[in-house]
Structures are given as structure tokens and as C-alpha cells.
*Asks:* 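The structure under discussion is supplied below as C-alpha cells; questions concerning it will follow.
Position 1 is the first residue of the sequence, and the numbers go up from there.
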Amino acid sequence: MVEVRNICCIGAGYVGGPTCSVIAQMCPEVTVTVVDVNEDRIRAWNSDSLPIFEPGLQEVVDSCRGVNLFFSTDIDEAIRNADLVFISVNTPTKTFGIGKGRAADLKYIEACARRIADVSIGCKIVVEKSTVPVRAAESIRRIFNANTKSSLNFQVLSNPEFLAEGTAIADLKNPDRVLIGGDETPEGQHAIEALRSIYEHWVPKSKIITTNTWSSELSKLAANAFLAQRISSINSISALCEVTGADVEEVAHAIGTDQRIGSCFLKASVGFGGSCFQKDVLNLVYLCEVLNLPEVARYWQQVIEINDYQRKRFSSRIISCLFNTVTDKKIALLGFAFKKNTGDTRESSSIYISRYLLEEGACLHIYDPKVKAQQIMHDLIQPTPSERHDPATVSRLVTIVTDPYKACENAHAIVICTEWDMFTELDYEKIYKAMLKPAFIFDGRRILDSLHDQLQHIGFQVETIGKRVNQRIHFTAIEDKSEIDQQQPLKKIKL
């Protein structure tokens with residue numbers, strides 16, 4: 001078995017940085033070097049202001065950086081010195097060509113494989129850490145076989161990550177499972193054991209699962225597809241709740257107590273986001289189409305369509321409540337990250353809701369405690385496979401603020417898109433006094449449920465996901481109730 005003393009990780013992003021930082025902390029005898037072509041990102045990893053926000057990450061990095069954890073732009077040197085190389089680069093959805101909008105773009109994976117083959121010496125274990133389509137390892141192996149010198153020997157493993165942003169450090173230190181896939185040859189099994197020995201420093205053996213490479217790759221896609229499916233399922237029920245008078249939170253609790261179903265990922269919201277769910281489901285859809293499984297492809301495509309529907313439905317509700325127009329109206333959008341406790345905005349529902357409102361001419365004042373202003377503007381301007389967004393219009397209609405109270409001043413409505421804890425602790429009486437009336441709150445994350453009575457008492461019109469909030473309408477009482485009963489509905493007047 002190869003003894004792993006040096007690890008190189010190509011890619012210093014949301015996967016590579018935290019994963020290798022924890023490995024370095026848990027394996028003090030192993031030297032871990034994280035490399036990236038982005039000099040600014042590496043500079044940030046070597047500073048006190050890390051390029052990503054993740055609870056507990058700063059403490060982990062501080063404990064081993066400069067000891068056995070290093071961040072560098074010298075990719076070739078790190079590869080040459082490594083016994084094991086993690087590939088943790090981005091695998092975005094293709095924006096053009098065959099598979100546009102669904103297939104994974106593997107250009108960065110291929111570039112890494114060619115660079116590893118070009119500069120490596122001796123034996124190397126190469127590990128897919130990025131989320132890749134099934135049989136991507138075969139592509140990497142073919143590149144190695146076509147470029148291997150007599151002195152080289154490569155083993156390719158699949159070791160997908162199952163992190164949840166916001167709890168990544170806890171997930172890494174106490175994982176539900178670690179999955180390692182490799183060849184069923186003696187050499188492949190030795191490589192699996194070498195990687196297993198790293199994780200066994202802190203992960204119980206019973207939690208380390210080994211499979212063949214293809215099962216490992218598909219398990220990652222399937223896991224994210226199942227989680228996304230649950231979110232779309234409860235969001236579809238939330239639409240039904242709003243028209244029937246049921247409360248989706250009560251429905252979720254009732255069905256979640258069934259042990260066969262469980263309560264996880266049954267939280268209705270404005271839709272799922274993040275780097276993995278949409279990308280992986282679309283990847284699965286494309287895979288099924290290519291393999292001539294159209295019925296399976298249509299099944300998983302519906303998960304994406306419900307997610308899009310939920311975002312559009314929420315946006316349409318905002319416009320409808322604001323008297324069917326938001327043109328030139330100031331709207332405070334609180335939260336831009338795709339979930340709390342992270343600064344990641346990839347595929348955030350906030351982006352889509354913002355775009356829908358901007359298309360209607362709304363003036364958005366956006367606040368997020370962890371997302372930088374330039375990232376927000378970049379996300380709103382960035383073109384999608386189906387449309388482009390005018391930078392001048394976005395710049396004119398969008399204002400990024402650093403104070404939630406400032407965002408709400410003279411606003412017609414507050415839209416909560418990220419479930420940051422701080423949004424439950426704001427002084428809503430102060431906010432209400434500074435807003436235009438009627439003042440609306442649209443809770444896209446169901447974080448203000450316990451405050452509904454208080455908010456309505458203050459004067460807010462409250463709208464939320466999966467529940468009809470009974471609005472308290474203040475009116476002058478009429479002595480004779482029969483007068484109300486006898487009133488005829490108003491006739492429509494043509495203008």
C-alpha cells in the first residue's frame with residue numbers, strides 16, 4: 001500500500017479549501033498543499049480574511065497553516081511532490097454547444113488531468129473530488145494512459161464530497177459517510193486503502209464505504225437529486241396549502257414524524273440553490289437522455305421545474321400584493337446568499353427573484369451580512385444560457401447597502417430571501433415607521449412565523465410561503481351587522 005505523506009489539492013474553492021484544511025488538522029504528519037491559478041484567492045487563503053465564509057473554518061486554518069497546510073500558486077511543484085492529488089475544480093453546467101444548460105462542462109477536469117500527466121513522476125493516486133458525471137474517471141484514465149511515461153503509474157479514485165455549506169466543518173469532522181470508489185484490480189484496491197488510511201485518522205471504519213468507481217460517481221448525483229426532490233416536493237405542497245388554508249409547516253411536521261419519510265429537507269421556501277443541486281439534477285437529466293431513458297429524464301426534470309415555479313410564484317405574489325406593479329418602487333431584499341452561514345451565492349433563489357422584480361422595474365436595495373457588493377452585482381449581470389442582462393439597467397435599479405435598516409427606509413416591501421438569524425432580531429417597529437404604507441413583509445424562508453401577530457399588530461401586511469396569513473384589517477365598526485350583509489358588491493367601472 002502506498003503511504004501518503006504529501007497531498008496536493010488542485011482547486012482552492014468551497015470544496016478543496018475546507019476539505020484539505022480539515023485533513024491537515026486531523027493528519028499532522030501529512031503535508032497538504034492547496035493550489036490554484038487564481039492568485040487573489042491564494043493570497044486570501046494566506047491572510048486573515050479567508051475567501052469563503054464557513055463557521056469554524058478560520059480556526060481550523062489558523063491551527064495548521066504554515067505547519068503542514070500550505071496555499072500556493074506553484075501547481076507543478078505541488079503535483080510533483082504529492083503522493084495523492086485531489087481534483088477539486090469547478091464543473092459548471094455548459095452554457096453552449098451539445099448539452100447546453102444541462103451537461104457538466106469538464107474542461108477544467110481535463111486540463112487538470114493533462115497537467116498531472118505532464119509534470120508527474122513516480123506513482124500517483126489521483127482523486128476526483130469535484131462532482132462529475134458518471135464515467136468521468138474513465139476519461140481521466142484515458143488521458144493518463146495516452147500520456148504516461150514508463151516511469152509513471154496512476155490510479156484514479158472517486159471520492160465525492162457530501163458537504164452542506166454552512167455546516168461544512170462539522171460535516172467534515174463528523175461525516176455521515178465517506179465514499180471511495182476505485183478499480184477492482186489489486187492496484188485499485190491498494191489505492192483505495194491508501195486514501196482510506198487518511199480518513200481513518202478521525203472517521204470510524206464503519207462510516208467509510210468503498211465501491212467501484214461508477215457507483216461512487218452515480219451515488220453523488222443520486223444523493224443530491226434525492227435531496228432536491230424532497231425540497232421540490234414540499235414546495236409543491238406549499239402552493240396547495242396557500243389555496244386551501246392549510247399550513248405547510250404543520251403538514252411537513254405531520255408527514256415528517258413518519259420514520260419512513262423523516263423530517264429532513266421538508267422546509268418549504270423560495271427554492272433550493274447552491275452549486276450542486278440544480279447542476280447535479282440537470283446532469284442526471286442529460287445522462288438519462290443520452291442513455292435513452294427519456295421517462296427517467298422527464299421525472300428528474302420536473303424537480304427543476306417545480307423549483308423554478310416556486311421562485312416565479314413568489315415573485316408574482318410580491319407584484320400582485322403591491323397593486324400589480326412594482327415599477328419604480330423601492331423593495332428591500334434581505335439576504336442574497338443561497339442559505340445562511342455562507343457567502344456562496346451560486347444558483348441562489350435571491351438572484352432569480354431579483355431578476356424577476358428588475359424586469360418589472362423595481363428598485364432593489366439589497367443587504368446580506370456576508371456577500372460582497374461586487375459579487376451581488378456580478379450575479380445579477382451575469383448572462384444565463386437563455387438570456388442576457390443589461391448592466392446599465394442593473395446598476396440603475398440596484399443599490400447594495402451595508403445596513404438592513406437603511407435598506408428598508410422608504411421601502412414599499414421587505415422580501416426575506418435568506419434565513420439569516422439576524423433577520424428575526426431586527427427592530428420591526430422602527431422599520432415600519434420608516435417604510436411607506438401599506439408596508440409589506442414577504443417571508444420567503446418562514447423565519448418570522450413566531451412574529452406574525454406582533455408584525456400585524458405593528459401594522460405590517462404579512463405574506464409567507466405555504467400559509468395564508470389572516471390579515472388584521474382595521475375598520476370603523478358598523479352598529480347594525482345587517483347593513484354589511486345587505487351591501488351589494490361594487491360594480492366595475494370602465495375608465
Side-chain angles (χ1 to χ4, degrees), residues 13-15 17-18 50-55 57 90-93 130-131 161-171 223-232 234-235 238 264-283 303-304 306-315 333-358 364 366-382 384 389 398 400 404 415-424 442-447 465:
Y14 282 91
V15 175
L50 301 184
I52 63 175
F53 171 73
E54 192 66 44
L57 176 60
N90 193 18
T91 53
T93 301
S130 305
T131 301
E161 53 83 17
F162 295 98
L163 308 179
E165 290 186 40
T167 58
I169 301 303
D171 294 342
N224 279 343
F226 272 60
L227 294 174
Q229 178 195 49
R230 285 176 69 92
I231 296 172
S232 282
I234 197 63
N235 279 344
S238 76
C264 293
F265 280 77
L266 289 181
K267 181 73 173 177
S269 69
V270 286
F272 58 75
S275 64
C276 289
F277 282 3
Q278 177 156 311
K279 180 185 71 173
D280 289 356
V281 175
L282 289 171
N283 198 340
V303 172
I304 298 297
I306 286 291
N307 199 50
D308 292 340
Y309 165 72
Q310 187 77 344
R311 291 163 169 169
K312 290 177 182 175
R313 196 172 67 82
F314 186 68
S315 303
L333 194 141
L334 301 185
F336 204 80
F338 84 92
K339 63 186 289 190
K340 72 175 183 178
N341 293 334
T342 181
D344 193 354
T345 62
R346 288 176 290 180
E347 292 299 330
S348 173
S349 289
S350 301
I351 299 172
Y352 293 88
I353 291 167
S354 295
R355 285 176 177 168
Y356 293 139
L357 295 175
L358 289 173
L364 300 184
I366 301 173
Y367 168 79
D368 190 283
K370 292 298 177 182
V371 182
K372 294 183 171 74
Q374 56 265 38
Q375 182 63 52
I376 294 174
M377 297 303 290
H378 170 79
D379 289 335
L380 294 178
I381 293 170
Q382 187 76 3
T384 64
H389 308 281
V398 175
I400 314 300
V415 180
I416 297 177
C417 288
T418 309
E419 69 279 22
W420 288 104
D421 293 337
M422 67 174 296
F423 296 154
T424 66
F442 297 91
D443 182 6
R445 292 290 180 175
R446 292 295 297 258
I447 62 172
I465 294 282

*Asks:* Roughly how far apart are L57 CG and Y14 OH, rounded to 0.5 Å?
*Replies:* 11.0 Å
*Asks:* For a quick check under 3.5 Å, do W420 and N341 share a side-chain donor-acceptor pair by atom type?
*Replies:* no
*Asks:* Quick one: do the S238 and R313 side chains pair a donor with an acceptor below 3.5 Å?
*Replies:*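 Indeed, the side chains of S238 and R313 share at least one donor-acceptor pair under 3.5 Å.
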*Asks:* Check the pair K267, I234 against side chain to side chain contact (heavy atoms under 4.5 Å, CB included), reporting the backbone distance first and the verdict last.
*Replies:* CA-CA 7 Å; K267 181 73 173 177; I234 197 63; 6.0 Å; no
*Asks:* Say whether S232 and N307, considering side chains only, have a donor N or O and an acceptor N or O under 3.5 Å apart.
*Replies:* no
*Asks:* For the backbone of G166 and the side chain of E54, can you confirm whether one donor and one acceptor N or O come within less than 3.5 Å of each other?
*Replies:* yes
*Asks:* First locate atom CD of Q278, then atom OG1 of T93, and finally report the distance between them rounded to the nearest 0.5 Å.
*Replies:*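 Interatomic distance, Q278 CD to T93 OG1, rounded to 0.5 Å: 7.0 Å.
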*Asks:* For the side chain of Q310 and the backbone of S269, is there at least one donor-acceptor N/O pair under 3.5 Å apart?
*Replies:*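 Side chain of Q310 to backbone of S269, a donor-acceptor pair under 3.5 Å: yes, one is there.
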*Asks:* Rounded to the nearest 0.5 Å, how far does CD1 of I416 lie from CG of L333?
*Replies:* 10.0 Å
*Asks:* Let's go through V303 and F272 carefully: what are the C-alpha distance in whole Å and the side-chain angles of both, what is the deciding distance for side chain to side chain contact (heavy atoms under 4.5 Å, CB included) to 0.1 Å, and is it a yes or a no?
*Replies:* CA-CA 10 Å; V303 172; F272 58 75; 4.1 Å; yes
*Asks:* Could you list the residues that satisfy side chain to side chain contact (heavy atoms under 4.5 Å, CB included) with L227, not counting sequence neighbours?
*Replies:*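 With sequence neighbours excluded, L227 shows a side chain to side chain contact (heavy atoms under 4.5 Å, CB included) to N224, F265, F277, given in chain and number order.
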*Asks:* How long is the straight-line distance from CG of N235 back to CD1 of I465, given to the nearest 0.5 Å?
*Replies:*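 Reported to 0.5 Å precision, the distance equals 7.0 Å.
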*Asks:* Before accepting this row, confirm whether a basic side-chain N of the pair R346/E165 lies closer than 4.0 Å to the acidic partner's carboxylate O.
*Replies:*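 Judged by the 4.0 Å cut-off on N to carboxylate O distance, R346 and E165 do form a salt bridge.
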*Asks:* Just so I know, are the side chains of L334 and V415 near enough to count as touching, which here means a heavy-atom distance under 4.5 Å?
*Replies:*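 The answer is no; the side chains never approach within 4.5 Å.
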*Asks:* Verify the distance criterion only: is there a donor paired with an acceptor across the side chains of Y352 and E347 at less than 3.5 Å?
*Replies:* yes
*Asks:* Strictly by salt bridge (charged side-chain N to carboxylate O under 4.0 Å, His left out), give each pair with a member in residues 273-283 just once, sequence neighbours left out.
*Replies:*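 Not a single pair qualifies under salt bridge (charged side-chain N to carboxylate O under 4.0 Å, His left out).
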*Asks:* If every non-hydrogen atom of L380 is compared with every non-hydrogen atom of S354, which pair is closest and at what distance?
*Replies:*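 Minimum heavy-atom contact is CD2-CB, 3.6 Å.
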*Asks:* Determine the minimum heavy-atom distance between F162 and A223, stating which atoms define it.
*Replies:*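 Between these two residues, the closest heavy atoms are CE2-CB, 4.0 Å.
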*Asks:* Apply side chain to side chain contact (heavy atoms under 4.5 Å, CB included) to the pair E161 and C276, showing each step before the final yes or no.
*Replies:* CA-CA 11 Å; E161 53 83 17; C276 289; 4.0 Å; yes
*Asks:* Give the minimum heavy-atom separation between S349 and V270, together with the two atoms involved.
*Replies:* OG-O, 3.3 Å
*Asks:* Got I52 and D344 here, is their nearest side-chain heavy-atom distance under 4.5 Å?
*Replies:*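 Side-chain contact under 4.5 Å: no.
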*Asks:* Check whether any side-chain heavy atom of V398 lies under 4.5 Å from a side-chain heavy atom of I366, and answer yes or no.
*Replies:*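 Yes. Closest side-chain heavy atoms under 4.5 Å.
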*Asks:* How close do C417 and G335 get, heavy atom to heavy atom, and via which atoms?
*Replies:*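 Taking C417 first and G335 second, the nearest heavy atoms are CB-O, 3.6 Å.
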*Asks:* With the side chain counted from C-beta on, respond yes when P404 and M422 share a heavy-atom pair under 4.5 Å apart, and no when they do not.
*Replies:*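 Counting from C-beta outward, P404 and M422 do come under 4.5 Å.
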*Asks:* Working to the nearest 0.5 Å, report the span between CG of D379 and OG1 of T345.
*Replies:* 3.5 Å
*Asks:* Specify the closest pair of heavy atoms between P18 and I169, including all atoms of both residues, with the distance to one decimal.
*Replies:*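 It is CB-CD1, 4.3 Å.
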*Asks:* Could you tell me which residues satisfy salt bridge (Lys or Arg N to Asp or Glu O under 4.0 Å) with R446, sequence neighbours excluded, listed by chain and number?
*Replies:* D247, D449
*Asks:* Measuring from K312:NZ to Y356:OH, what's the distance to the nearest 0.5 Å?
*Replies:*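 It is 4.5 Å, given to the nearest 0.5 Å.
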*Asks:* Keeping the roles fixed (side chain from D368, backbone from A337), state whether a donor-acceptor pair exists under 3.5 Å.
*Replies:*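 Confirmed, D368 side chain pairs with A337 backbone.
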*Asks:* Once salt bridge (Lys or Arg N to Asp or Glu O under 4.0 Å) is applied, do any residues pair with R230, and if so which ones, sequence neighbours excluded?
*Replies:* none
*Asks:* Do L50 and F53 come close enough that some side-chain heavy atom pair is under 4.5 Å?
*Replies:* no
*Asks:* Is there a side-chain contact between I447 and F423 (heavy atoms, below 4.5 Å)?
*Replies:* yes
*Asks:* Looking at residues at least two apart in the chain, or sitting in another chain, which of them share a side-chain hydrogen bond (donor to acceptor under 3.5 Å, both in side chains) with N283?
*Replies:*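 With neighbours one apart ignored, the set is empty.
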*Asks:* Given side chains that start at C-beta, do those of D443 and R445 come closer than 4.5 Å, heavy atoms only?
*Replies:* yes
*Asks:* Could you tell me whether the side chain of T418 and the main chain of F338 form a donor-acceptor pair under 3.5 Å?
*Replies:* no
*Asks:* Looking at every heavy atom in both L163 and A168, which two are closest together, and how far apart are they?
*Replies:* CD2-O, 4.0 Å
*Asks:* Can you sort out the partners of F442 under ring pair (Phe, Tyr, Trp, His ring centres under 6.0 Å), two or more places apart, ordered by chain and number?
*Replies:*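 Only F440 meet the ring pair (Phe, Tyr, Trp, His ring centres under 6.0 Å) criterion with F442.
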*Asks:* Would you find a donor on one side and an acceptor on the other, under 3.5 Å apart, between the side chain of T342 and the backbone of K339?
*Replies:* no
